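As the structure is a prediction and not an experimental result, all values here were calculated from the model. Ligands are counted one by one from 1 in listed order, and the atoms in each one are counted from 1 as well.
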Amino acid sequence: MNLLIHGYGAMGQIVEEVARTQNLNVAAIVSPAGGEHPVSLQDVEAEVDVVIDFSNPALLDDVLAFGKAKQIPLVIATTGFSEAELAKIEAASQEIPIFQSYNTSYGIALLKQLLDQLVPLTLGYDIEVIEAHHRKKVDAPSGTAELLARAIEAKRDVTPVYDRTPRREARAADELGMHSVRGGTIFGEHTVLFAGDDEMLELKHTALSKRVFANGALAAAATILDRPAGLYNLTNLYEEATHVTHKRL
Ligand SMILES: NC(=O)C1=CN([C@@H]2O[C@H](COP(=O)(O)OP(=O)(O)OC[C@H]3O[C@@H](n4cnc5c(N)ncnc54)[C@H](OP(=O)(O)O)[C@@H]3O)[C@@H](O)[C@H]2O)C=CC1
Ligand SMILES: O=C(O)C1=N[C@H](C(=O)O)C[C@H](O)C1
């Protein structure tokens, strides 16, 4: 697998490190910051089989154009896309295989499976999503919090509420509160809180390093390499992703 890493910030650098420990060939690195690497996908000359993107939504058009021109699969792990940008990803996936997920850890895939089963049983409980990340994170709420919100919305008639500041009124039953904490070096915590009368139930995922995301992205890359065009995520790659992401580093 000749890998191209697009975005060479905190995650791009960890993907490179993990790829090398797995003896994968990092054929090219594109770093908008420059340095020793090309700053743009247009400058890549190496033979590439798959792209792993941990960058910024501003670069989405470049990533999709590159994948389509080369007819190679993309792993898009960047967060913070608008609905229009997600629609562009879906449209491009008609031409090439694209794995897109706001969280590439296996634990979040498991959490989503749990929510699919649990949320229909929680009528009468108020649901809130609380996420915490490092001080450098620019998007809020996290992509994962949005992913979890979509999973909850699919199973219960709730509407996300991002800010209660301008209101002075009691919480409605159909609210889905979304909360972001930023500070320090927190790798990523996501809690789904079910608050009932005189009791609370919490489902919580904690990333203990950034390697968990790199490992999942590499597993996704290996898995979609030979897939037909289409849009993939950890749910529809569930079976295949299981054994790969559980491999010990
Ligand atoms: N799906 C998942 O499991 C995970 C997703 N992520 C997501 O991946 C993305 C990257 O995370 P991380 O590596 O921590 O972030 P960093 O800020 O450390 O790195 C981002 C990279 O994108 C480039 N970049 C940022 N903004 C722009 C811009 N406007 N135009 C051009 N280039 C830009 C940066 O270049 P420069 O250095 O020049 O600014 C850098 O190479 C984020 O969206 C994050 O939420 C992160 C972890 C897990
Ligand atoms: O920026 C991060 O660090 C992370 N971003 C992703 C998100 O927005 O959900 C995934 C993970 O939580 C780390």
Applying a 4.0 Å heavy-atom criterion (strictly less than), which segment of [X] is in contact with ligand 2: side chain, backbone, both, or neither?
X: T144; answer: both
X: H134; answer: side chain
X: F187; answer: backbone

Ligand-side contact atoms (ligand 2) for residue partner [X], heavy atom cut-off under 4.0 Å:
X: Y102; result: 6 (C), 7 (C), 9 (O), 10 (C)
X: S142; result: 7 (C), 8 (O), 9 (O)
X: T79; result: 6 (C), 7 (C), 8 (O)
X: G143; result: 7 (C), 8 (O), 9 (O)

Which residue and non-hydrogen atom of the protein lie closest to [atom], and at what distance in Å?
atom: atom 1 (N) of ligand 1; value: A77 O, 2.9 Å
atom: atom 1 (O) of ligand 2; value: K137 NZ, 2.9 Å
atom: atom 41 (O) of ligand 1; value: Y8 N, 3.0 Å
atom: atom 12 (O) of ligand 2; value: H133 NE2, 2.5 Å

For [Y], is there any backbone N or O sitting under 3.5 Å from a side-chain donor or acceptor partner on [X]?
X: T104; Y: F213; answer: yes
X: T191; Y: L193; answer: no
X: Y8; Y: E16; answer: no

Looking at atom 35 (O) of ligand 1, is any protein heavy atom nearer than 4.0 Å to it? yes
Protein heavy atoms near atom 39 (O) of ligand 1, is at least one of them under 4.0 angstrom away? no
Taking atom 42 (C) of ligand 1 as the point of reference, which of A58, G80, S55, A220 owns the nearest heavy atom? S55
Per atom 31 (C) of ligand 1, closest listed option by heavy atom (N56, D62, L59, I5): L59
Check each atom of ligand 1 against the heavy atoms of G7 and keep those under 4.0 Å away; list them by number with element. 41 (O)
Numbered in order shown, the ligand 1 atoms found under 4.0 Å of a heavy atom of S101 are 1 (N)
What do you reckon, does E131 put a non-hydrogen atom under 4.0 Å from ligand 2? no
Note: E169-R167 ion pair, threshold 4.0 Å (strictly below): yes
Between R171 and E128 (salt bridge meaning N to carboxylate O under 4.0 Å), is one present in this structure? yes
Pick one of side chain, backbone, both or neither for how [X] approaches ligand 1, counting any non-hydrogen atom pair under 4.0 Å.
X: K137; result: side chain
X: F54; result: both
X: S105; result: neither

Centres of the H37 and H6 rings: under 6.0 Å? no
A145-ligand 2 polar pair, N/O distance under 3.5 Å: no
